[in-house]
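So the structure is just underneath, and the comments pick up after that.
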2 protein chains.
Amino acid sequence: MAESTETGLPRAVAIAWGMQEVPQRGPSRGLSHERIVAAAVEIADADGLPAVTMQAVAKSLGFTTMSLYRYVSSKDELLRLMQDAALTVPETVRLDEDWRAALHQWAGLIRDAYRAHPWALSIPRDQTSVLMPNTMRTVDVALAAMRDLALDDAEKLGTIMVISQHAAGMVELELSLNDAGTLAITAEGAEMLGEVVTAERHPHLRALMARGHYVPLGGPSRDADGGADDAGADGAVPPPAEDVDEEYTFGLDLLLDGLAARAENR
Amino acid sequence: MAESTETGLPRAVAIAWGMQEVPQRGPSRGLSHERIVAAAVEIADADGLPAVTMQAVAKSLGFTTMSLYRYVSSKDELLRLMQDAALTVPETVRLDEDWRAALHQWAGLIRDAYRAHPWALSIPRDQTSVLMPNTMRTVDVALAAMRDLALDDAEKLGTIMVISQHAAGMVELELSLNDAGTLAITAEGAEMLGEVVTAERHPHLRALMARGHYVPLGGPSRDADGGADDAGADGAVPPPAEDVDEEYTFGLDLLLDGLAARAENR
DNA sequence: GCTCATCTGCGTAAGACATACACGGAGTAT
DNA sequence: ATACTCCGTGTATGTCTTACGCAGATGAGC
C-alpha cells in the first residue's frame, strides 16, 4: 500500500524529510513538492478535501494534471504530505514550567492546528504518520512538556496518543455541529424522535433528554414546550449550545487528573 | 448536505428508526433497506470500505445498480446506515454494579464493535450519527453504567464522548499497526531517520528513541546495534510489540481515575 | 371489473476522477 | 557532438456515482 523507497521508508516520509535525491540529468524542474503540497492545502482550506483533485491542484499551479505525478506517485501520497503540512507546531514554543499547564498548552496547539485545517481530520492517520517530521516534532514538544512528570516512556507515549486523540475528536465534533444549519431539528422531528426513543429501551437517555440534554425533545413530554427558546422562524429547535469547548476542557482535565494521580503514586 | 425528510430529520435517521412510510400503490418491493445495508456491511467486512460500490452491493443482491436508489437516496446515506448497523450493542448487557468496572465493560463493547467492523472508523461521525438508533442505545447503556456516579448530565455526556473517542482511536491505531508488513522499517531506513531526527530539534524524542521506543533507531547511536532482535531475513526491524492494548487500558484508566477524583470532590 | 396514478426495477448515458503510457524536446555527462 | 536522462503534456482507459426516462406491475376508487 504505502509506496516505499529503496531505503525502506515510505516515499512520503522521504519526501517530507527532504531525503529524496533530486535527478541531475534532465531539464530543470518547474515544480516542487513544496509548491504542490502548498497548492493542495490552499484548495483544501478554501473548499474542503473533496475539492482537492489532481486536476484542481495542477490547474492552480498552471500545469497539467499528469505533471504532478513526476513529484508525487499517487494522490494518496499527496494526502499524506498534506496531512503533515497541516499539523505544524510553532517553531519556538514557550512551555509552562508546570507539566499540567504545559500539557494544556500542547493540547491547545494540536486543537488549533486541526481547527485551522479541519480537512486533516479526514485523512486517516496510519503508521506512516508517526514518521513524518511534524508528527515527530509535535511528539518531542509533548515530551518536553512532560519533562518533570514521573512516568515511564511508554506511559508518556500513551498520554500523547490519548490527548491528541481527544483534541482531534473534539474538533471533529465541534465542526460537525458548526456545520449546522445542516441540521436543526424541527419541532416535528423532535416529536417523532420522542416517540421512538422509548423509556423501556432507553430509560436513562430518555430521562436525560427530558431534562433538555443531548437532543431537545419537544414532543410527548409535555413540560418544557410552550418554550421561550423558540426563536427560529419555523419552529426549528437550535442545536445545543457551544458546550463543545466545555467538553474539551472537561475531558482534558479528566486525563490530567488521572495523570496527576498516577504520578503521585510513585 | 444531509438529505432531510419532510419531518425535519435526516432521511438516514428516519430510515434507521423505521419511520419511513412505505409506498402503497406500486408493485411490491423486491428489496429493503435492511437487506441493502446488510449486503453492504458484508462486503465491507470482507473487502473493506472501498469495495462497497453501488454496483458491488447491487450485484451481491442480484439487482441492478440503479435499483438501490429506490431505497437509498445516495451512497452517503447508505454509509450512514452502515455505520449505525456496525456499532451495535448487545441487546441485553449485564453491567457490573461498580461504575468503574461497568465503564470498562462499556468501553470494551465499543472497542469490540469497531474491531468487528473496522471500516466504520472511516465513515465520519457527524451530527446525524447521534440521532441514530444504535448510537442512542449505546449512550443509554453508558448512562446506565454511570448510574451511581456523582456527575451531572453534561459531565456524563462528556465522559461518553471522551471514552468512545479513545476506544475508536486505539482501534484505529491497532489496525494501522496490524496492517503492517506494510511497514517494517529496514535497518537502512532507520539509519536515515536517525540522521534527520536531530538531537537539537528533537532532544526528548531522540533520547526516547535511543531507549528503543517509538521507532527503533538502528543508526548513528551505535549502542543497541549488534542486536539480538534482528530476526528478519533482510534486517527488517519488527514494529513495536503489541502494546496498543496496554495503551488502551492506560488511557482508559487515566480517564477513570480522573472521573473518580472528580466524583469524590462532591 | 375498469381505469389511472403510482411505484418498481432496469438500461442508458453523462460527468468526475485517478492514472497508465508514450512522445517530443530539454538539459547534462562523457 | 552524442547519448542518456528526465521534464511536461496529450491521449486514453477504467471505475464510480447518479440523472433520466421507460415498460410493466399494482392497488385505489369508481
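Both backbone and side-chain heavy atoms feed into the values below; hydrogens, waters and symmetry mates do not. First the proteins, then the strands, lettered A, B, ... as listed; each starts at 1.
- Here side chain to side chain donor-acceptor pair (under 3.5 Å) pairs that include residues 35-49 of chain A, with residues two or more places apart or in two chains, are A/D45-A/H117, A/D45-A/W119.
- If you check every strand for non-hydrogen atoms under 4.0 Å, A/F63 touches sugar and phosphate atoms only.
- The distance from the OG1 atom of B/T135 to the CZ atom of B/R125 is 9.5 Å, given to the nearest 0.5 Å.
- When the P atom of D/dT9 is taken as reference, atom CZ of A/R29 falls 14 Å away, rounded to whole Å.
- For A/R29, the side-chain hydrogen bond (donor to acceptor under 3.5 Å, both in side chains) test picks out no residue, with sequence neighbours left out.
- Partners of A/Y248 by ring pair (Phe, Tyr, Trp, His ring centres under 6.0 Å), not counting sequence neighbours, listed by chain and number: A/H166.
- For B/Q24, there are no side-chain hydrogen bond (donor to acceptor under 3.5 Å, both in side chains) partners, not counting sequence neighbours.
- The NZ-C1' distance, from A/K75 to D/dT15, rounds to 14 Å in whole Å.
- Atoms CG (B/L68) and C1' (D/dT17) sit 12 Å apart, rounded to a whole Å.
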**Report entry** nucleotides 22-30 of chain D: protein proximity per nucleotide (B base, S sugar-phosphate only, - neither; heavy atom, under 4.0 Å)
**Finding:** --BBBSS--
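- Rounded to an integer number of Å, the gap from OH of A/Y69 to P of D/dG8 is 15 Å.
- For B/M192, the side chain to side chain contact (heavy atoms under 4.5 Å, CB included) partners at least two apart in sequence or on another chain are A/T7, A/L9, A/M19.
- For B/L79 and D/dC16, the CG to P distance is 14 Å, given to the nearest whole Å.
- Comment: A/R80 does not engage A/D84 in a salt bridge, judged by the lack of any side-chain N to carboxylate O separation of less than 4.0 angstrom.
- Among residues two or more places apart in sequence or in another chain, the side chain to side chain contact (heavy atoms under 4.5 Å, CB included) test is passed with A/D140 by A/R137, B/H202, B/P203, B/H204, B/L205.
- Applying the side-chain hydrogen bond (donor to acceptor under 3.5 Å, both in side chains) criterion to B/H33, with sequence neighbours excluded, gives no partner residue.
- Contacts between chain A and DNA chain C, taken as any atom within less than 4.0 angstrom of a protein heavy atom, begin and end at C/dC17 to C/dT28.
- Interface residues of residues 35-60 of chain A facing DNA chain C, ordered by number: A/T53, A/M54, A/Q55; criterion, heavy-atom separation under 4.0 Å.
- The side chain to side chain contact (heavy atoms under 4.5 Å, CB included) check on A/R115 picks up A/R111, A/D112, A/V171, A/E174, A/D245, with sequence neighbours excluded.
- For B/S129, the side-chain hydrogen bond (donor to acceptor under 3.5 Å, both in side chains) test picks out B/Q83, B/D126, with sequence neighbours left out.
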